[in-house]
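No experiment lies behind these values; they were computed from the predicted model shown.
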Amino acid sequence: MPELPEVEVVRRGIHRWATYATIRSVEVLDERSLRRHKRGRADFMGQLQGQRLEEPQRRGKYLWIPYGEGYCAIIVHLGMSGQMLIADPSIPDPKHLKIRLTITSGDRIQELRFVDQRIFGGLYLDELVPADDRPEQLLPATVTHIGRDPLDEHFDTEQIFRKLRKRRSNIKRALLDQSLSSGIGNIYADEALFRARLHFTRPTETLTRNEVSRVYTAAEQVMRLALSQGGTSFDALYVNVNGESGHFDRSLYVYGRHGKPCYRCQEQGRETVIERTKFMNRSSYFCPVCQPVPRRARA
DNA sequence: CGCAGGTCCTGCACGC
DNA sequence: TGCGTGCAGGACCTGC
């Protein structure tokens with residue numbers, strides 16, 4: 001599932017292979033991938049024709065490619081199953097190809113392909129506006145409500161701590177709330193909680209400054225580690241990379257490991273098994289010893 | 001048939 | 001009353 005590290009790998013690939021390229025043609029094979037482009041298919045195609053792409057940017061799981069003197073951008077959201085591929089036109093269309101941008105750089109012709117099996121993702125066009133907190137930074141208007149991510153140099157843990165004290169929710173819901181902090185999905189939320197030794201039902205207002213710092217630092221570290229392991233596998237013809245193409249799954253401590261031993265307990269000679277619980281309509285993985293259920297848990 | 005889950009939308013409760 | 005806000009849960013999708 002694409003969370004922040006996977007999206008960043010894609011951003012780097014696009015940066016390397018498509019920056020300053022010009023869009024020669026646009027083909028929309030499935031209009032459902034333009035659901036978030038309110039002005040429709042014809043507008044999408046017309047706006048992009050002939051545009052020169054600039055350096056791709058990212059916040060959390062949102063990726064965008066500015067064009068048009070930097071006032072507009074193509075917004076890419078991968079959703080659950082989206083991929084952005086750079087491909088030579090001679091490579092056959094993959095299954096679930098939704099949108100094709102044919103681009104040129106000098107005399108080289110390539111395709112930027114948006115592929116998405118489940119259509120939770122999509123492309124759309126948006127204008128760039130100044131960020132509320134730092135006006136010199138431009139963001140798509142539809143991304144201004146997304147919080148800074150833990151890899152952002154201006155990520156502010158103290159501000160998050162203050163907001164958490166006012167919330168009446170639990171820590172996992174907060175980690176997944178993209179308006180508070182972005183980029184963290186179900187996998188990295190569970191990994192961060194395990195590393196910080198916090199249970200997902202912990203009420204947000206009871207978290208100490210130290211615990212908040214621990215869990216967001218853990219999120220940053222686990223995502224940097226994932227990035228370092230997933231960012232090694234692309235070349236000119238196959239830039240992609242959704243989570244599966246990296247090798248990060250070998251480094252997950254809890255996610256998907258229910259019924260298997262907890263590594264931390266194992267080191268201390270205890271035989272504890274990772275548990276899986278249904279929570280917020282999805283799975284949560286945790287070690288019952290390292291992450292005990294809080295006295296006043298909040299579902 | 002259940003499961004995978006990111007984001008959007010709706011509805012509810014609450015406070016002013 | 002009405003509005004804004006915070007929170008929770010379902011809908012959207014397809015393939016295995």
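For A:R282 and B:dG6, the shortest distance from a side-chain N or O to OP1 or OP2 is below 4.0 Å. Neither OP1 nor OP2 of C:dC13 sits under 4.0 Å from any side-chain N or O of A:Q117. Residue A:H96 places at least one side-chain N or O closer than 4.0 Å to OP1 or OP2 of C:dG15. Contact check, A:R36 against B:dG6: no side-chain N or O comes under 4.0 Å of OP1 or OP2. Taking side-chain N and O atoms only, A:K166 has no distance below 4.0 Å to OP1 or OP2 of C:dG6. Proximity of A:S81 to the phosphate of B:dA4: no side-chain N or O atom is located under 4.0 Å from OP1 or OP2.
Atom CZ of A:R35 is separated from atom C1' of C:dA11 by 10 Å (rounded to the nearest Å). A:D116 has its CG atom 13 Å from the C1' atom of C:dG15, to the nearest Å. A:N170 places its CG atom 17 Å from the P atom of C:dG6, with the value rounded to the nearest Å. Separating the NZ atom of A:K95 from the C1' atom of C:dC16 is a distance of 11 Å, rounded to the nearest angstrom. In this structure, the CG atom of A:L34 is 20 Å from the P atom of C:dC12, given to the nearest Å. Separating the CZ atom of A:R168 from the C1' atom of C:dT5 is a distance of 14 Å, rounded to the nearest angstrom. Atom pair A:L252:CG and B:dA4:P shows a separation of 15 Å (rounding to whole Å applied).
Contact annotation for A:K163: no contact, since no heavy-atom pair falls under 4.0 Å across all strands.
Residues A:P56 and A:T19 approach most closely at CD-OG1, 3.6 Å, considering heavy atoms. Between A:D88 and A:R113, the shortest heavy-atom contact is O-NH2, 3.8 Å.
Figure legend. C:dT1 is base-paired to no nucleotide; pairs are counted as Watson-Crick or G-U wobble with both atom distances under 3.5 Å. In this structure, C:dC7 and B:dG11 make a Watson-Crick or G-U wobble pair, each of the two defining distances being under 3.5 angstrom.
Looking at A:R58 and A:D149, a side-chain N of the basic residue comes within less than 4.0 Å of a carboxylate O on the acidic one, giving a salt bridge. For A:E205 and A:R296, the salt-bridge test fails: no basic side-chain N is under 4.0 Å from an acidic carboxylate O. The existence of a salt bridge linking A:R11 and A:E8 is confirmed by a sub-4.0 Å separation between a basic side-chain nitrogen and an acidic carboxylate oxygen.
For A:R173, whose side chain is taken as the heavy atoms from C-beta onward, the closest listed nucleotide among C:dG9, B:dC8, C:dG15 is C:dG9. Comparing B:dA4, C:dT14, B:dT7 against the side chain of A:H77 picks out B:dT7 as the nearest. Comparing C:dC7, B:dC8, B:dG6 by their closest approach to the side chain of A:L176 singles out B:dG6. Of the listed nucleotides (C:dC13, B:dG6, C:dG9), C:dG9 has the atom at the smallest distance from the side chain of A:N281. Residue A:R118 has its side chain nearest to C:dT14 when only B:dC8, C:dT14, B:dG6 are considered. In the set C:dC13, B:dG6, B:dC8, the nucleotide with an atom closest to the side chain of A:R32 is C:dC13.
Note: A:Y253 and A:F194 have perpendicular aromatic rings, judged against thresholds of 30 and 60 degrees for the angle between ring planes.
With DNA chain B read from its 5' end, the first of the two nearest nucleotides for A:Y62 and A:Y285 is the one closest to A:Y285.
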